[in-house]
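First the structure, in the form of structure tokens, and then the observations on it.
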4 protein chains.
Amino acid sequence: MNSRKWDTPQPRKLPRQTRASNTIEAVLEAAVQILIAEGTRGLTTTRVAKRSGFAVGTLYQYFANKDELIDMLVHRHLNHVVACAQIACSDQNGANLGDMITAVADAFFAANIEKARDVRAIHLAWMRIERSELFCEAFARLRDTTTSMFASSPQLDSVHIDTIAHKLVSMLIGTIRAIFEQGMDEALTTGTREQIVNVHCLYHPTDASLDTAVSTAH
Amino acid sequence: MNSRKWDTPQPRKLPRQTRASNTIEAVLEAAVQILIAEGTRGLTTTRVAKRSGFAVGTLYQYFANKDELIDMLVHRHLNHVVACAQIACSDQNGANLGDMITAVADAFFAANIEKARDVRAIHLAWMRIERSELFCEAFARLRDTTTSMFASSPQLDSVHIDTIAHKLVSMLIGTIRAIFEQGMDEALTTGTREQIVNVHCLYHPTDASLDTAVSTAH
Amino acid sequence: MNSRKWDTPQPRKLPRQTRASNTIEAVLEAAVQILIAEGTRGLTTTRVAKRSGFAVGTLYQYFANKDELIDMLVHRHLNHVVACAQIACSDQNGANLGDMITAVADAFFAANIEKARDVRAIHLAWMRIERSELFCEAFARLRDTTTSMFASSPQLDSVHIDTIAHKLVSMLIGTIRAIFEQGMDEALTTGTREQIVNVHCLYHPTDASLDTAVSTAH
Amino acid sequence: MNSRKWDTPQPRKLPRQTRASNTIEAVLEAAVQILIAEGTRGLTTTRVAKRSGFAVGTLYQYFANKDELIDMLVHRHLNHVVACAQIACSDQNGANLGDMITAVADAFFAANIEKARDVRAIHLAWMRIERSELFCEAFARLRDTTTSMFASSPQLDSVHIDTIAHKLVSMLIGTIRAIFEQGMDEALTTGTREQIVNVHCLYHPTDASLDTAVSTAH
DNA sequence: AATGAATGAGTATTCATTCAT
DNA sequence: CATGAATGAATACTCATTCAT
């Protein structure tokens, strides 16, 4: 009857785990909110703590220092985006070039749009820490994934794979950056997506799709 | 006799002006040096003053506050770049589309490469102040200039002018940003330049240059 | 059946006692280890708790606060040393002056050397709490014990007893402090011991015991 | 007539110098006061600043950090004491051993007693920073000075000079420490002084009463 | 009793800005 | 105009202590 105690077999670990992850979540969410609402300048540990509903000390129980907090913010998002792109890639193994590019681009954009708020926050946070490694590493992972996907396509001669992968990925990232930095409007976003798809078709001039790409461009 | 003072019509103002601009120049230069050498975190008013050879107080005689100093840094460069682009544009009035694009792109890149050190510094400074207006405004001016240049071309139907101008400018800016942020290597840079030129040719599919573009792409 | 509880007569108290003292022991030992390894600055309650294998909360079940923990550390050692000296004193009742001094000094040094690690730790801890009472009190006890030992000697006229006792004890303590603070080398230590024995004989120069003292010294 | 401006030839450098050293003086004095009044625990940069009558920022214009402030406190005093001892030493060149020892000991004690308040403060501060180098270095300087003074005496065979110097200096320091740490009373102090002088006479074997003692001492 | 997450007052330190000289 | 000492609000981070579980 006074059951709860007996029903759950492993009550010890889970609460801790949950409490901790709740706290972390709350802190990160608070950081995002503040970044969006007040910009980088407003992002002080005290304010993050206060908004998260926890004390400063608690924040420091989970993050060694402010930079690490921001790092985690960046990391989380980049990992998410890369993961989404990787799934899209593996779904397209053996498909034709156009589909591949479209799929990756769409997955990439979707992952970013879906967490638009975080992306904006990350972009702001990004500046304070001066560690582009995080971005570079994510960039590399994305490029590698894309490269191996392209490798599964009989359409592409191996000479171009690397170049195309590099271009694709840098355009994807560049676009995202532009969107959230300069606040381009949706329309532009869509246009950019098409452009990305088209541009890469240039690298396969024998493909019939080139004509289509060009004609749909305007 | 003790002539000099009376010979020149405006003796009081000019020297001051000169002194002032010397000071401003020295301060801005110091800021650039520090930004490059020590990053955003090292950019303190005291340090800028010391490196400039003036006292902090003097710095505040010419800049209302730190942000204004950075603003001026950004402004100066953006104005320079836009001015260069504008000259290129006016030189191409009535030329054909390909030449126009090439000219603007080249002028734009040249202006940035020429002051590469400043661009790097500005990119770092950029982060601390959160005023994208400056960039947006420069972006707009560049786009307008390009648009009116395009308008002088009989090749382009007015429907596409806006789109192409926008694309061109955003690609230019995006590229510059990428170069200085991710440190892309020269080779890539060159590739990007070609890409820019080519991509825009897509918008004029009937033009013979498309084929060339494609064939030079690889 | 579920016997254990009922079989032993005082089951509740003893286990606790034992557990308690185990905990206390573990905590104090942890404090010593940390003091030696990381210095005063590293001595935080959390760290002591963690190293002791218990939780912070548990630590606070046995010590009202951090200072009390350090107090206990100091107390324990001082009590030990004084106790050793007292035993030596009572063993020397009625002996001659030289033997008395030698015995106390040796007992004192032995007790400190034996727990050299603790002494070092205590010295570091000593600084944070500002309660010289502890030391003063131990000093007084030591002096009193020594005084009454000397009083049992027919050799000494009462005039000098207090002075000699005071000197002896302060030299003992001073020496220990010097050894652990300045890390004097063994040779010096030995020299000091001899000096202590000799110096005190100075106060009774005409006394025949001087010779004895000197000869027993090595 | 409106003279002041013209009377003083070098008005620029001095005011600065004076202002600066005044500030430093005020800050150090404030630190001493606080240490004496409130102990090590009360010594916070903010409080020191407040009591000195300056702002925290000013404090940090002269001391890189809290530890450096304390360092300077310690340094200043040690330098003073060593300097006093050195003067005493040079005054005794060629004198006899007894006078030498007496002179150094007296100079040493005088220098400490004279600044008793500082010494107390330093003793408290001493503990927070864990840099015995300062003391060791002062100790070494004192010993070297004493050694060379002894070397000027024809009375002493070179074998003993080092030992005596070392003993003398370590007793001096030990005594001072004891006085200010355990708060020994004046009477004791005097006694100690005599003891120091006497002890070292042991090393002067011409004294009849001490032959035995001396021979066992080494 | 034991736990360890949460607390938050307290501390060192920085840096944009002012102002008396 | 120039100076640079002085300012002090703001910030990151610590750690002794509590308390719900």
Side-chain angles (χ1 to χ4, degrees), chain A residues 5 11-12 15-20 22-23 41-50 52-67 69, chain B residues 15-16 19-20 23 41-50 53-69, chain C residues 12 15-16 19-20 23 41-50 53-69, chain D residues 5 11-12 15-20 22-23 41 43-50 52-67 69:
Chain A
K5 266 186 182 168
R12 228 138 7 224
R16 282 186 204 159
Q17 216 63 348
T18 307
R19 247 220 280 188
N22 280 348
T23 309
R41 268 164 157 134
L43 194 79
T44 65
T45 48
T46 330
R47 213 175 301 187
V48 170
K50 189 163 286 170
S52 78
F54 290 94
V56 219
T58 307
L59 187 156
Y60 277 90
Q61 211 131 34
Y62 296 101
F63 303 94
N65 50 39
K66 196 184 163 185
D67 280 5
L69 192 160
Chain B
R16 276 193 203 156
R19 243 215 285 182
T23 311
R41 265 153 159 141
L43 193 80
T44 67
T45 48
T46 327
R47 214 176 300 189
V48 170
K50 186 164 288 169
F54 292 92
V56 222
T58 309
L59 187 153
Y60 276 87
Q61 215 106 41
Y62 295 99
F63 303 94
N65 51 39
K66 194 184 167 185
D67 280 7
E68 200 165 89
L69 191 159
Chain C
R12 251 173 310 262
R16 276 191 205 158
R19 244 214 284 181
T23 310
R41 264 155 159 137
L43 194 79
T44 67
T45 48
T46 327
R47 214 177 301 189
V48 170
K50 186 166 288 170
F54 292 93
V56 221
T58 309
L59 188 153
Y60 276 86
Q61 215 107 42
Y62 295 100
F63 303 93
N65 51 38
K66 194 185 167 186
D67 280 6
E68 201 165 88
L69 192 159
Chain D
K5 267 184 179 170
R12 223 130 21 216
R16 281 186 203 158
Q17 215 63 350
T18 306
R19 246 222 281 188
N22 280 349
T23 310
R41 269 163 157 135
L43 193 79
T44 66
T45 48
T46 330
R47 214 175 301 187
V48 169
K50 189 163 288 173
S52 77
F54 291 94
V56 220
T58 307
L59 187 154
Y60 277 90
Q61 211 133 34
Y62 297 100
F63 304 95
N65 51 38
K66 196 184 164 185
D67 280 6
L69 192 160

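To find a chain, count down the sequence lines: A is the first, B the second, and so on, and within it residues start at 1.
- Under the rule for a side chain to side chain contact (heavy atoms under 4.5 Å, CB included), the partners of A/Thr44 that lie at least two apart in sequence or sit in another chain are A/Thr46, A/Arg47.
- The distance from atom NZ of D/Lys50 to atom C1' of F/dA6 is 16 Å, rounded to the nearest whole Å.
- With sequence neighbours left out, B/Tyr60 forms a side chain to side chain contact (heavy atoms under 4.5 Å, CB included) with B/Thr45, B/Val56.
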Encoded 5' to 3' (Watson-Crick or G-U under 3.5 Å; [ ] crossing; | other strand), DNA chain F becomes .||||||||||||||||||||
Distances under 3.5 Å only, N/O to N/O: pair up the protein atoms with those of nucleotides 11-14 of chain E.
from	atom 1	to	atom 2	distance (Å)
E/dA12	OP1	D/Lys66	NZ	2.8
E/dA12	OP2	D/Thr45	N	3.1
E/dA12	OP2	D/Thr45	OG1	3.1
E/dT13	OP2	D/Tyr60	OH	2.6
E/dT13	OP2	D/Lys66	N	3.0
E/dT13	O5'	D/Tyr60	OH	3.4

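- Side-chain nitrogen and oxygen atoms of A/Thr23 include none within less than 4.0 Å of the OP1 or OP2 phosphate oxygen of E/dA5.
- To the nearest angstrom, C1' of F/dT17 lies 19 Å from CZ of C/Phe54.
- Considering only residues two or more places apart in sequence or on other chains, B/Glu68 meets the side chain to side chain contact (heavy atoms under 4.5 Å, CB included) condition with B/Ala64, B/Asn65.
- To the nearest angstrom, P of E/dT3 lies 16 Å from CD of A/Gln61.
- Atom-to-atom, CG of A/Leu59 to C1' of E/dA5 comes out at 14 Å; the value is rounded to the nearest Å.
- Residues passing the side chain to side chain contact (heavy atoms under 4.5 Å, CB included) test with C/Thr58 are C/Thr23, C/Phe54, C/Ala55, C/Tyr62, sequence neighbours excluded.
- Looking at C/Lys66 and C/Leu43, their side chains come closer than 4.5 Å, going by heavy atoms from C-beta outward.
- Computed from coordinates, the A/Asn22 CG to E/dA6 C1' distance equals 14 Å when rounded to whole Å.
- Atom pair A/Phe63:CZ and E/dA5:C1' shows a separation of 15 Å (rounding to whole Å applied).
- Of the candidates F/dA5, E/dG4, E/dT7, the closest approach to any side-chain atom of C/Ala55 belongs to E/dG4.
- Residue B/Thr58 is the one, among B/Thr58 and A/Thr58, whose nearest nucleotide of DNA chain F lies closer to the 5' end (criterion: closest heavy atom).
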